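A short write-up of the structure that comes next.
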Amino acid sequence: MNDLIYNSKLPDPFLKDFVESFWMLDNPSDNKEVVLLPDGRIDVIFSQSPTQPFHIVLLGIGTHPEEIVIAEKIKTFAISFNLLATEYILHESVSELLNYAKNLPIDFWGFTVDDMTDFDQFCLKASEKIQAELSHQKIDERKLKLFNFIYLSNGAIPIKELSEKVIWSERQINRYFNQQYGISLKAYCGILRFRASFKHIKEGKLFPEQNFSDQSHFIKEIKRLSGFLPKELSQNKNDRFIQFSVLPKK
C-alpha cells in the first residue's frame with residue numbers, strides 16, 4: 001500500500017460548513033484490495049484509468065465496512081462534503097444512497113478529464129462552483145448550528161443536549177435525518193465517534209476516548225462498524241484498512 005499517492009486540502013474558511021476536504025488518490029501500480037471503513041462523509045468522486053473512462057460518482061453515507069479494489073493506475077480526485085451540502089449544494093436527498101453510489105452526469109459542474117491533471121486547479125474550480133451554488137441561498141441557522149455541534153464533538157454529544165441547544169425536537173431532527181440522509185442522528189453520531197476513534201486506534205490506543213459508556217461498549221461499536229476488533233484494526237496488516245480522512249499525505 002505504500003506506493004499509493006494521497007493528498008488532501010482543506011477548503012477556504014467560508015466553505016468549511018459544507019466541505020470537509022478535497023483529496024486525491026493515485027495508484028501508479030497494481031490493483032489493491034482494501035477494506036473501506038465508514039467515515040460519515042458524502043463524496044463526489046472523479047476518476048479515470050487506462051481501463052475506465054472519465055466518470056463522476058456520488059457516494060452516500062456508509063454504515064459498514066466495504067471490501068473494494070483500488071484499480072491499477074487509477075487517478076481519483078474527490079470532494080468530501082459535510083452533510084449540510086446535500087441540501088444547499090447538491091440540492092437532493094441522499095437517503096436512497098445509504099451504502100450506495102450513483103453516477104452523476106458526465107458534464108457535472110463542467111468538469112472534464114482535462115481537470116484531472118492539476119489537483120490545485122481542481123480544488124480552485126470546485127470551490128468556485130460551490131461558492132456559486134451558495135451565493136443565492138439563505139441557510140437555515142438551526143441546521144447550521146446543529147451540524148456545528150455534531151462535528152465539533154465528533155458525534156460525542158447526547159441527542160437530548162443537541163435538541164436543547166438548537167431548539168429543535170429530537171423527533172423532528174430524526175425525521176429530517178432519515179428523510180435527507182437515510183440514517184438516524186444517533187447512528188450518524190456513532191459513525192463520527194468511530195472515525196475519531198480510528199485515529200486513536202491507529203496510534204495503538206485501544207481504549208475509549210469518545211464518550212463510550214465503557215470498554216465493552218467501545219469494542220462492540222468498533223466491531224459493528226468495522227467488522228474487526230480494535231486490536232486487529234491497530235495491527236492493520238498490509239495497510240488493509242482505509243479511511244480516506246486519516247490517510248497520510250505524500
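Throughout, residue positions are numbered sequentially from 1 according to the sequence presented. Computed from a prediction, not measured in an experiment: that's the story for all the values here.
Clustering ILVMFWY residues whenever any of their side-chain heavy atoms sit less than 4.5 angstrom apart, transitively, puts Ile139 in the very cluster that holds Ile89. Cluster membership for Phe18 and Leu124, using ILVMFWY side-chain heavy atoms within less than 4.5 angstrom, is not shared. By the criterion of side-chain heavy atoms lying less than 4.5 angstrom apart, applied directly or through intervening Ile, Leu, Val, Met, Phe, Trp or Tyr residues, Val69 is not grouped with Ile45; the two fall into different hydrophobic clusters.
Taking the six-membered ring where the residue is Trp, the centroids of Phe22 and Phe119 are separated by 6.0 Å or more. You'll find the ring centres of Phe111 and Phe77 outside the 6.0 Å limit.
Interatomic distance, OG of Ser95 versus CD of Gln180, reported as 7.5 Å (0.5 Å rounding). To the nearest 0.5 angstrom, Gln131 atom CD is 8.0 Å from Asp12 atom CG. Atom CG of Leu162 is separated from atom CD1 of Ile157 by 4.0 Å, given to the nearest 0.5 angstrom. To the nearest 0.5 Å, atom CZ of residue Phe194 and atom CG of residue Leu37 are 4.5 Å apart. Between the CG atom of Leu98 and the CD atom of Glu96 there is a distance of 11.0 Å, given to the nearest 0.5 Å. Taken to the nearest 0.5 Å, the CD atom of Glu66 stands 7.5 Å off from the CG atom of Asn99.
One N or O on the side chain of Lys75 and one on the backbone of Met116 form a donor-acceptor pair closer than 3.5 Å. Between the side chain of Asn7 and the main chain of Met24, no donor-acceptor pair closer than 3.5 Å is present. Counting only distance, with no hydrogens or angles, the side chain of Asp17 and the backbone of Asn148 share no donor-acceptor pair below 3.5 Å. No donor-acceptor pair under 3.5 Å is formed between the side chain of Asn27 and the backbone N or O of Ile74. Using modelled atom types, one side-chain atom of Asp140 and one backbone atom of Arg142 make a donor-acceptor pair closer than 3.5 Å. At least one donor-acceptor pair under 3.5 Å links the side chain of Ser127 to the backbone N or O of Cys123. Although no hydrogens or angles enter the test, the distance criterion places a donor-acceptor pair under 3.5 Å between the side chain of Ser163 and the main chain of Trp168. For the pair Gln137 (side chain) and Tyr88 (backbone), a donor-acceptor distance under 3.5 Å is present.
The two residues Gly155 and Cys189 make their nearest non-hydrogen contact at O-CB, 3.3 Å. Residue Val57 comes nearest to Ala101 through the heavy atom pair CG1-CB, 3.6 Å, listed as atom of the first residue, atom of the second, then distance. Residues Glu72 and Pro50 share a closest heavy-atom pair of O-CD, 4.3 Å. Scanning all heavy atoms of the two residues, the minimum distance from Asn174 to Lys186 falls at OD1-N, 4.4 Å. Taking all atoms of both residues into account, the shortest heavy-atom contact from Glu20 to Asn82 is CB-OD1, 3.5 Å. Shown here for Ile150 and Leu192, the closest heavy-atom pair between the two residues is CG2-CD1, 3.4 Å.
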Show, in sequence, the C-alpha distance, side-chain angles and deciding distance for Thr86 and Phe81, and conclude whether the side chain to side chain contact (heavy atoms under 4.5 Å, CB included) test is met.
CA-CA 8 Å; Thr86 63; Phe81 288 108; over 6 Å; no
Trace of the side chain to side chain contact (heavy atoms under 4.5 Å, CB included) decision for Leu104 with Trp109:
CA-CA 10 Å; Leu104 292 176; Trp109 284 357; over 6 Å; no
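At a threshold of 4.0 Å, the pair Glu133-Lys129 does not count as salt-bridged, since none of the basic side-chain nitrogens sits closer than that to a carboxylate oxygen.
No option in Ile79, Val94, Leu97, Leu84 other than Val94 meets the side-chain contact (heavy atoms from CB on, under 4.5 Å) test with Ile42.
No side-chain heavy atom of Leu58 sits less than 4.5 Å from a side-chain heavy atom of Phe108. Using a 4.5 Å heavy-atom threshold, the side chains of Leu83 and Phe177 count as touching. Residues Ser47 and His55 are in side-chain contact: their nearest non-hydrogen atoms beyond the backbone lie under 4.5 Å apart. You'll find the side chain of Glu161 stays beyond 4.5 Å of the side chain of Phe149, heavy atoms only. Counting only heavy atoms from C-beta outward, the side chains of Glu170 and Lys160 approach each other to under 4.5 Å.
Below 30°, between 30° and 60°, or above 60°: for Tyr181 and Tyr176 the angle between ring planes is above 60°, a perpendicular geometry. Aromatic ring pairs are classed by plane angle as parallel below 30°, tilted from 30° to 60° and perpendicular above 60°; the pair Tyr188 and Tyr151 is perpendicular.
Atom CD1 of Ile167 is surrounded by 12 or fewer heavy atoms from other residues, nucleotides or ligands within 6.0 Å. Within 6.0 Å of atom CZ in Phe14, more than 12 heavy atoms from other residues, nucleotides or ligands are found, so the atom counts as buried in its surroundings.
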